[in-house]
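Have a look at the structure below before the remarks.
Each chain gets a letter, A, B and so on, in the order the sequences are listed, and its residues count up from 1.
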Amino acid sequence: MLQVSVLRAAPEEVKQRLAKKNFKDMQLVDTIVQLDDDRKKLQASFDDTQAKVNAASKEIGMLMAKGDKAAAEAIKQNVAGWKQELEPLKEQMAVVEKQLADTLVQLPNLPAPEVPEGKTPEENEIVRTGGAMPDLGPEAVPHWELTKKYSLIDFELGNKITGSGFPVYTGKGAKLQRSLIQYFLDFNTEAGYTEYLPPFMVNAASAYATGQLPDKEGQMYHATEDDFYLIPTAEVPVTNVYRDTILKEEALPVKMTAYSPCFRREAGSYGKDVRGLNRLHQFEKVEIIQIVHPDKSYEVLQDMIAHVERLLQSLELPYRILRLCGGDMGFTSAITYDFEVYSAAQQRWLEVSSVSNFENYQTNRMKCRFKGADGKTQLAHSLNGSSLALPRIVACLLENNQTATGIRLPKVLHRYFGAEQI
RNA sequence: GGUGAGGUGGAUGAGUGGCUGAAAUCAGUAGUUUGCUAAACUGCCGUACGGGUUAAACUGUACCGCGGGUUCGAAUCCCGCCCUCACCGCCA
């Protein structure tokens, strides 16, 4: 969440930047500043009164020790009065603090200056395009036919076992998943990321810290008996490794990578968007996460983009990198670059990665700080990106590499998959 | 799931109602001294939210797993919850 100090310092500038993100509820900014004023006043008066109570209590203790019971009793009368004053103050403070917290989380992160103006995905900016477009013959088919033809994925079986959006990978299809996960993790750890294998369910505090709650509650599967949430991405458990911690400056940057299945309810999706592997309720993904010094986060963002780009290049897929416009960005992000690969048979671009700098929006919620050389603690910056989400990569690999005799695999996968084609 | 024992500052660990935001030791850090692959001594060394200051200094409040309660006063007493450990049960 945003820091109140930022809102106080320049409320009008904050509003302007929020407007770029297509945020409408501008009076919230003023509401927050007002609530914070109220909070400060209440605390000042509460603290003053409490100080009197504390001083009196100490005095009572000393009088009792001396045996001056009468004097002690007299002071007790005063204390009783102050305590009555404290009760309503305490209640008001709790109310104001809750309002402040509830309001503050309604503000999205501020977009970085270089975020393009725009409200819809059409207004995203294409940064660059890479890889060679395949030249498929007219007999090319979409991946949902290929997965059937080669017995790689059984969507109907998934329907029976669970429901739609829960595919069952079989035989070489399952092995391809495993190969990709293994390859992606190796690629990341070789670049200095430490591998984590996190829990696939988190508690509410963790979901709140990375911003899934309260904003996207309906997107997550919720195990109500134990109040756990199935993770929508490994970002949630892995970023929370550093919740409520104060790092040493020399511990930065923290670089983490993790494989996990991702669970998303995707309520309201339909049509060709959800056909085959395009959108699932459960899918596999490898994520990269960094926690860095605030001065370095934009440099690191470029590193992460280059890292994901190299990974896509190694898979020999045609791709493009988009800089998302303000209106299409996520709630918690300051800037986001999406990676899309071209699905030759569907003739459309499919998102396979999203690399974002959250600046201190997540770390402020998480209370993830570091102690600088000057001894002061300050919030770190957090970033993350997919490297990569599997389903659409698989869709493109299958479609773009289909031949009359089978499906070719890119060189880097040969040793993981144990064969050069399917 | 059951029974028992516990959860104190970076670590170990003292503290059963007031003089404890918390002993002591270790680690960390600044310095002094002696000098040589280091030792001794001294100071400093939690977090959050306020007040205050150009910035400090200084100062108020809260925090000893979390949340309530008793009391003039709670790390200390009571209740609920969470977690850890041991044993039992169950089990990949």
Residue among A:Leu213, A:Asn203, A:Thr224 satisfying side-chain contact (heavy atoms from CB on, under 4.5 Å) with A:Tyr229: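 It is A:Leu213, the one option of A:Leu213, A:Asn203, A:Thr224 that forms the side-chain contact (heavy atoms from CB on, under 4.5 Å) with A:Tyr229.
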Criterion side-chain contact (heavy atoms from CB on, under 4.5 Å) against A:Leu388, the qualifying member of A:Ile288, A:Val308, A:Val286: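 Exactly one candidate clears the test, A:Val308.
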Nearest whole Å is fine: how far is [N] [atom2] from [X] [atom1]?
X        : N     : atom1 : atom2 : value
A:Asn203 : B:C82 : CG    : C1'   : 11 Å
A:Asp37  : B:G50 : CG    : P     : 11 Å
A:Asp244 : B:A48 : CG    : C1'   : 12 Å
A:Glu249 : B:U29 : CD    : C1'   : 16 Å
A:Lys40  : B:A48 : NZ    : P     : 16 Å
A:Asp226 : B:G1  : CG    : C1'   : 13 Å
A:Lys41  : B:G51 : NZ    : C1'   : 15 Å

Touch class at under 4.0 angstrom, heavy-atom based, for A:Ile75 against every strand present: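 No contact.
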How far, in whole Å, is [M] from [N] if one measures between their [atom1] atoms?
N     : M     : atom1 : result
B:G28 : B:G4  : C1'   : 38 Å
B:U8  : B:U12 : C1'   : 12 Å
B:A57 : B:G46 : P     : 13 Å
B:C58 : B:G73 : P     : 30 Å
B:G10 : B:G6  : P     : 24 Å
B:G13 : B:G1  : C1'   : 34 Å
B:C45 : B:U53 : P     : 24 Å
B:A14 : B:G52 : C1'   : 36 Å

Side chain of A:Lys376 (C-beta onward), nearest among B:U47, B:A56, B:G50: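 Nearest to the side-chain atoms of A:Lys376, counting from C-beta on, is B:A56.
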Electrostatic pair A:Asp47-A:Lys40, nearest N-O below 4.0 angstrom: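 Looking at A:Lys40 together with A:Asp47, the answer is no, because their closest N to O distance does not fall below 4.0 Å.
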N-O pairing of A:Glu12 and A:Lys15 below 4.0 Å: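 The answer is yes: the pair qualifies as a salt bridge.
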Contact pattern, 5' to 3', of nucleotides 61-76 of chain B - B, S or - by protein heavy atom under 4.0 Å: SS---------BS---
Heavy-atom pair of closest approach, residues A:Ile422 and A:Leu152: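 So the minimum-distance heavy-atom pair works out to CG2-CD2, 4.0 Å.
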Exam field: side chain A:Gln402 to backbone A:Val141, donor-acceptor pair closer than 3.5 Å: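 Answer holds: yes.
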Under 3.5 Å donor-acceptor, A:Ser386 side chain and A:Ser354 backbone: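 Flag set: sc A:Ser386 to bb A:Ser354 pair under 3.5 Å.
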Identified stems (criterion: three or more consecutive Watson-Crick or G-U pairs, under 3.5 Å), RNA chain B: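 Runs of three or more consecutive pairs: B:1-7 with B:82-88, B:10-12 with B:24-26, B:28-32 with B:40-44, B:46-51 with B:58-63, B:65-69 with B:77-81.
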Evaluation steps, side chain to side chain contact (heavy atoms under 4.5 Å, CB included), between A:Glu340 and A:Leu350: CA-CA 5 Å; A:Glu340 298 182 335; A:Leu350 299 175; 6.0 Å; no
Would one find a side-chain N or O of [X] under 4.0 angstrom from OP1 or OP2 of [N]?
X        : N     : result
A:Lys371 : B:U47 : yes
A:Arg369 : B:A48 : yes
A:Arg39  : B:G50 : yes

Whether A:Phe263 and A:Tyr221 hold their rings parallel, tilted or perpendicular, with breakpoints at 30° and 60°: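 It falls in the perpendicular class, over 60°.
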Stepwise side chain to side chain contact (heavy atoms under 4.5 Å, CB included) check, A:Gln106 with A:Phe331: CA-CA 9 Å; A:Gln106 290 175 43; A:Phe331 191 79; 5.5 Å; no
